[in-house]
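Worksheet: the structure to be examined is printed underneath.
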Amino acid sequence: MRVLALLVIGGGPAGLAAARAYREAGGTGAVAILADEERMPYNRPPLTKELLRGESDEADLPLEQESWLTERDIDLVAGRAVWLDTRRRTVTLSGGRELCYTTALLATGAEPKRLPIPGADHPSVRTIRTLVQLQELIRRLRDGAPVGVVGSGFIGCEIAASLRLRGHPVTLFSDEPAPNAARLGDEAAARIRGWLEGEGVTLQLGAEVERIAGADGRLTVHAGEASADAPVVVMAAGVAPRGELAAAAGLELSGGAVPVDASLRTVVPGLLAAGDVCRALNVAAGRPLRVAHWGDALGQGEIAGRVAAGEDAEWDEVPGFWSTIGRRTLKYAAWGDGWDEARLEDHGDGAFTVSYGARGKLVGVLTHERDEDYEDGKERIAQGAAWA
């Protein structure tokens with residue numbers, strides 16, 4: 001049996017970045033990316049934005065063309081890993097095929113959560129994480145028909161605004177008093193609420209969704225005293241790390257994620273983890289963090305690939321991402337594990353900056369139309385700047 005120098009388990013951004021970095025760092029061994037979607041790794045952020053709005057094409061999604069694999073002598077293996085034997089250093093695929101490795105990277109990502117309520121598994125209750133899931137949602141949408149959205153995090157807000165731009169009446173349900181209030185604070189949440197209402201999204205806030213009832217080709221979402229009918233409901237209730245493969249192999253998880261050090265190494269020799277599935281030590285923060293951001297998955301994947309090739313590398317970046325809600329873009333950088341104080345600065349013409357502090361230090365920054373504040377804030381967070 002051929003032994004892979006690097007086996008990447010997962011066909012997302014972390015996995016592709018790892019394979020690329022391994023080659024760029026001089027790694028010469030056999031490399032394979034195991035992708036259960038059976039396609040080239042692709043950009044996921046457009047799924048809830050440009051692609052859902054019909055403004056881009058599926059052909060624009062791949063991170064690299066198939067020729068990239070040949071040029072770098074990297075194999076793309078279609079299949080799903082069902083068993084990881086860390087002692088023998090083998091991975092078993094669902095069809096029984098076995099792959100042998102020297103170093104493996106767990107880059108299995110995360111999967112959307114469904115609320116534990118009646119009706120959450122109805123076929124017309126959809127989630128968006130993969131291209132296939134988006135395709136199925138679009139297939140079920142009827143021209144001009146209402147859609148329900150459950151969840152007011154960044155993804156829920158993006159989906160609601162994009163569906164409105166497609167011409168659908170949208171009702172967004174959330175137990176938060178305003179969208180993203182828990183994460184971003186009241187003032188920033190009020191801005192986002194205004195954006196959504198300006199797009200024509202109906203907001204049902206402050207009550208938990210209790211059930212989703214299906215009858216006569218429609219669904220009814222019930223939350224407290226509020227309800228709304230729609231043929232299709234999109235659930236955007238967060239994501240959970242896909243750590244089941246690691247757990248079955250005997251690794252102890254942390255909040256469902258795989259613990260790793262700053263070099264993305266697990267406690268098991270020859271096994272790394274990167275991206276949404278891991279909880280990694282961040283050198284600059286001085287503590288482990290779990291993030292589910294596209295850019296950080298790419299960054300962690302690059303570190304993992306370099307480490308697999310024998311280089312020294314550690315994760316020290318401040319986590320950050322962009323979110324586009326309708327036609328407005330937010331940029332957010334933060335350690336992501338809480339804040340005690342928040343201060344919003346209004347720059348006029350809709351632009352604003354929110355700074356977040358905890359334990360006497362700057363720990364986060366949120367901006368709209370203030371790129372310079374985002375870049376400066378990210379740098380100051382990394383430096384451990386004092387909250388002032």
Side-chain angles (χ1 to χ4, degrees), residues 8-10 12-15 17-18 21 84 86 103-111 113 153-154 182-184 238-308 311-321 332-341 356-366 377-385 387:
V8 176
I9 306 171
L84 169 65
T86 59
T103 300
L105 171 66
L106 285 169
T108 46
E111 61 183 354
K113 295 180 182 177
F154 287 107
R183 185 173 199 169
L184 303 179
V239 298
R242 293 180 56 190
E244 63 276 6
L245 195 65
L251 277 75
E252 184 174 346
L253 304 185
S254 174
V258 181
V260 294
D261 64 15
S263 296
L264 289 310
R265 294 186 178 94
T266 70
V267 296
V268 176
L271 184 64
L272 311 173
D276 295 4
V277 74
C278 80
R279 180 178 176 84
L281 175 63
N282 185 289
V283 174
R287 57 191 182 275
L289 303 172
R290 180 182 170 261
V291 297
H293 307 158
W294 179 261
D296 294 297
L298 287 168
Q300 289 183 350
E302 179 182 349
I303 292 167
R306 291 168 57 192
V307 169
E311 288 191 357
D312 293 325
E314 293 183 321
W315 184 43
D316 60 2
E317 290 290 316
V318 177
F321 65 95
Y332 181 66
W335 294 130
D337 51 359
W339 48 270
D340 303 323
E341 302 178 78
Y356 300 92
R359 300 171 296 278
K361 292 185 177 182
L362 180 69
V363 298
V365 62
L366 173 76
K378 193 171 183 180
E379 183 176 339
R380 291 175 61 222
I381 294 167
Q383 294 170 348
W387 170 257

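All values below were derived from every heavy atom in this structure, side-chain atoms included, with hydrogens, water molecules and symmetry-related copies excluded.
Rounding to the nearest 0.5 Å places CG of D340 at 7.0 Å from CZ of R359. The CG atom of L251 sits 7.0 Å away from the OG1 atom of T86 when rounded to the nearest 0.5 Å. The CD1 atom of I303 sits 7.0 Å away from atom CG of D316, with the distance rounded to the nearest 0.5 Å. Separation of atoms CG (N282) and CD (E317) is listed at 8.5 Å; rounding is to 0.5 Å. With rounding to the nearest 0.5 Å, the separation of CD in E314 from CZ in R306 is 10.5 Å. The distance from atom CG of L253 to atom SG of C278, rounded to the nearest 0.5 Å, is 12.0 Å.
The shortest distance between side-chain heavy atoms of Y356 and L366 falls below 4.5 Å. With a 4.5 Å cut-off on side-chain heavy atoms, L245 and I9 count as touching. Residues R290 and P241 form a side-chain contact, since some pair of their non-hydrogen atoms from C-beta on lies under 4.5 Å apart. Using a 4.5 Å cut-off on side-chain heavy atoms (C-beta onward), V239 and K113 make no contact. P259 has its side chain out of reach of V267: every pair of non-hydrogen atoms, C-beta onward, lies at least 4.5 Å apart. Using a 4.5 Å heavy-atom threshold, the side chains of L84 and L271 count as touching. Taking 4.5 Å as the limit, every side-chain heavy atom of W315 sits out of range of all side-chain heavy atoms of V260. Residues W335 and I381 meet the side-chain proximity criterion, which asks for heavy atoms closer than 4.5 Å.
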_Stepwise side-chain contact (heavy atoms from CB on, under 4.5 Å) test for L264 and Q300_ = CA-CA 7 Å; L264 289 310; Q300 289 183 350; 4.3 Å; yes
*Candidate pair L106 and L272, rule side-chain contact (heavy atoms from CB on, under 4.5 Å), full reasoning*: CA-CA 6 Å; L106 285 169; L272 311 173; over 6 Å; no
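Side-chain atoms of R287 come within 3.5 Å of backbone N or O of A285 as a donor-acceptor pair. Distance alone, capped at 3.5 Å, is enough to place a donor-acceptor pair between the S263 side chain and the A313 backbone. In this structure, D276 contributes its side chain and A297 its backbone to no donor-acceptor pair below 3.5 Å.
A18 and V8 get closest at one heavy-atom pair: CB-CG2, 4.5 Å. Closest non-hydrogen pair, V363 versus G338, comes out as CG2-O, 3.8 Å. Across all their heavy atoms, A21 and E302 have their closest contact at CB-O, 3.3 Å. The shortest non-hydrogen separation linking A334 to V318 is N-CG1, 4.0 Å. Closest approach of A274 to A304, counting heavy atoms only: CB-CB, 4.4 Å. Among all heavy-atom pairs drawn from R265 and V307, the shortest one is NH2-CG1, 3.5 Å.
A perpendicular orientation is assigned to the rings of F154 and F321, their planes being inclined by more than 60° (bins at 30° and 60°).
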